[in-house]
Protein chains: 2
Amino acid sequence: MKLEKITKEAKNNARRHYDDACATAHALDLVGERWALLVIRELMLGPRRFSDLRTNLPGISANVLTQRLEGLEAAGIVIRRKLPPPAAAQVYELTEWGYQSEPIFQSLGRWAARSPTHDPSLPFSAVSLMLSLRTMIDPARARGRDIRVGFRIGEETYAGRVSEGQIAIERAALDNVDLVFSGTAPAIARAIYAGQELSALESEGVLQIDGDRTLAKRFVSLFPLPPKAEIPGG
Amino acid sequence: MKLEKITKEAKNNARRHYDDACATAHALDLVGERWALLVIRELMLGPRRFSDLRTNLPGISANVLTQRLEGLEAAGIVIRRKLPPPAAAQVYELTEWGYQSEPIFQSLGRWAARSPTHDPSLPFSAVSLMLSLRTMIDPARARGRDIRVGFRIGEETYAGRVSEGQIAIERAALDNVDLVFSGTAPAIARAIYAGQELSALESEGVLQIDGDRTLAKRFVSLFPLPPKAEIPGG
DNA sequence: CTGTATCCGTGTTGATACTG
DNA sequence: CAGTATCAACACGGATACAG
């Protein structure tokens, strides 16, 4: 039993890697496997349990999630903790270095937003929507604004604050916010990125806005999408 | 014959993808397959031929390289061109949007440079070394400097210019440079990143420096490595 | 010489079912 | 809830043969 485990681990360590001193290639050795970056993304706004990760990563299978978490833990990117009683659940959390990978998501997201084949009508996790706000905010439009905004998505709430051209977001209770968007992540995304009328989404029943409507309109206008790339001969 | 090709293409189009509206996930659909980003990296400093790519990507096989180039071309990231006679060779080149992926390499490289398991003694392609200079230059140290530097790596030459805290680099002839490093990419990397004595590398015969030695020392000092990440319990 | 196509052994991935 | 076991499908990489 023990021996089997050891050989298995040896196998994992000897897994495919690029023989390349380039730091980018090394990054791909660390997080280039399928699903790895998306697992990190889901942890980017704080610790999560195995099943949280599973439900927010449409399509990942349990064994692959296990493997990725083991690999990320071995690499020093993720750490697993047992929550103190009474919660007593096990959670996975990024290490400090793990959290520092956020610029990777921003550069990937900003670039891919220009893709001609990007389909924003697919499922959208709450975390990725929140992260996308950090990525896509237009500092020029946001400068001078100070808006406290809340989001209620399923069971979870996120609190954000626009200031100095940036937006800070964390998983937190909705105290002291000027504005709350409640709904599914895709619905909120339609309001912010597809530019759909807030009132239309509300009558559809997929979105609810509490607070100053004008402020809400101003808020969603802070997140313009870049123009699609023009593909020669495409 | 034709039918087979069509079914194969249909298969390729229907290949594994994340069902996720997040732009980061879409980026991974585009460039998340093994080798894809490294192929793009090799094209980042200008067009290359199939065999250039092969020799600079240690370990990629011809059929995988073909598949990646097809996929990247279909995605609008790479375009293939036939060089005019007499060269008449076929080359692969990034589209404008493809070139805009450079920040992805920078964020990956900067982050992975902190990895405790990064081994800089592996093979190093000329392009990745040149790109790493753009990524790792310390603007604070570089500000106020104006240095024209050349690199001769194998058959190729690269010309760089430090100015305004940045370094611009292109594949170009070595006219008008203050300083030339000649040698293999790993040797130059040892001088710049491992902080090895230039004179030691020269007596070893792996590096040659033409130009002002003091300037060379100043140049290599512009590229400090970040501290390794501390892994809790690692 | 520069790629492309095909075959094949092997390892990785993912769907389903199952266990503590 | 948090994973493990099993198995089929696929992707990878190497070799080789082929085309312009």
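Throughout, a chain's letter reflects where its sequence line sits, starting with A, and its residues are numbered from 1.
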Exercise for the section: Fit a plane to each ring of Phe50(A) and Tyr92(A), take the angle between them on a 0 to 90° scale, and name the class: parallel (under 30°), tilted (30 to 60°) or perpendicular (over 60°). Expected result: tilted
Nearest-nucleotide pick for [X], side chain only, options being [options]:
{"X": "Arg68(A)", "options": "dA2(D), dT13(C), dG13(D)", "answer": "dT13(C)"}
{"X": "Ser51(A)", "options": "dA2(D), dT13(C), dG14(D)", "answer": "dA2(D)"}
{"X": "Ser61(B)", "options": "dA2(D), dG14(C), dG13(D)", "answer": "dG13(D)"}
{"X": "Glu70(B)", "options": "dT13(C), dA5(C), dT4(C)", "answer": "dA5(C)"}
{"X": "Arg34(B)", "options": "dC12(D), dT4(C), dA2(D)", "answer": "dC12(D)"}
{"X": "Gln67(A)", "options": "dG3(C), dG13(D), dT13(C)", "answer": "dT13(C)"}
{"X": "Gln90(B)", "options": "dG14(C), dG3(C), dA2(D)", "answer": "dG3(C)"}
{"X": "Ala62(B)", "options": "dT13(C), dA2(D), dT4(C)", "answer": "dT4(C)"}
{"X": "Tyr92(B)", "options": "dG3(D), dG13(D), dT4(C)", "answer": "dT4(C)"}

Please state how far atom [atom1] in [X] lies from atom [atom2] in [N], giving the value in whole angstrom units.
{"X": "Glu33(A)", "N": "dG14(C)", "atom1": "CD", "atom2": "P", "value": "10 Å"}
{"X": "Leu57(A)", "N": "dA2(D)", "atom1": "CG", "atom2": "C1'", "value": "16 Å"}
{"X": "Asp52(B)", "N": "dT2(C)", "atom1": "CG", "atom2": "C1'", "value": "11 Å"}
{"X": "Lys82(A)", "N": "dG3(D)", "atom1": "NZ", "atom2": "C1'", "value": "12 Å"}
{"X": "Leu65(A)", "N": "dA15(C)", "atom1": "CG", "atom2": "P", "value": "13 Å"}
{"X": "Leu69(A)", "N": "dA2(D)", "atom1": "CG", "atom2": "P", "value": "11 Å"}
{"X": "Asp19(A)", "N": "dG13(D)", "atom1": "CG", "atom2": "P", "value": "12 Å"}
{"X": "Ile60(A)", "N": "dT16(C)", "atom1": "CD1", "atom2": "P", "value": "15 Å"}

Problem - Exercise: do Ser107(B) and Gln106(A) side chains pair donor with acceptor under 3.5 Å - result: no
Handout entry: Under 3.5 Å donor-acceptor pair, Asn63(B) side-chain atoms to dG14(D) base atoms
Key =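 Result: at least one qualifying N/O pair found.
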Exercise for the section: Flag the pair Asp210(B) and Arg152(B) as a salt bridge only when some basic side-chain nitrogen lies within less than 4.0 angstrom of an acidic carboxylate oxygen. Expected result: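 Looking at Arg152(B) together with Asp210(B), the answer is no, because their closest N to O distance does not fall below 4.0 Å.
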Problem - Contact under 4.0 Å: Trp35(A) side-chain N or O vs dG14(C) OP1/OP2 - result: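 For Trp35(A), the contact criterion (side-chain N or O under 4.0 Å from OP1 or OP2 of dG14(C)) is met.
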Problem - side-chain N/O Arg54(B) vs dT4(C) OP1/OP2, d < 4.0 Å - result: no
Exercise for the section: Pick base, sugar-phosphate or nothing for Arg49(B), based on heavy-atom distances below 4.0 Å to the nucleic acid. Expected result: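 Result for Arg49(B) = sugar-phosphate.
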Handout entry: Gap between atom CD1 of Ile169(B) and atom OG of Ser132(B) - 0.5 Å precision
Key = 8.0 Å
Practice task
Specify the closest pair of heavy atoms between Met130(B) and Ile153(B), including all atoms of both residues, with the distance to one decimal.
Solution key: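 Taking Met130(B) first and Ile153(B) second, the nearest heavy atoms are CE-CD1, 3.9 Å.
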Problem - Nearest heavy atoms of Thr157(A) and Ala172(A), plus distance in Å - result: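 Scanning both residues, the minimum pair turns out to be OG1-O, 2.6 Å.
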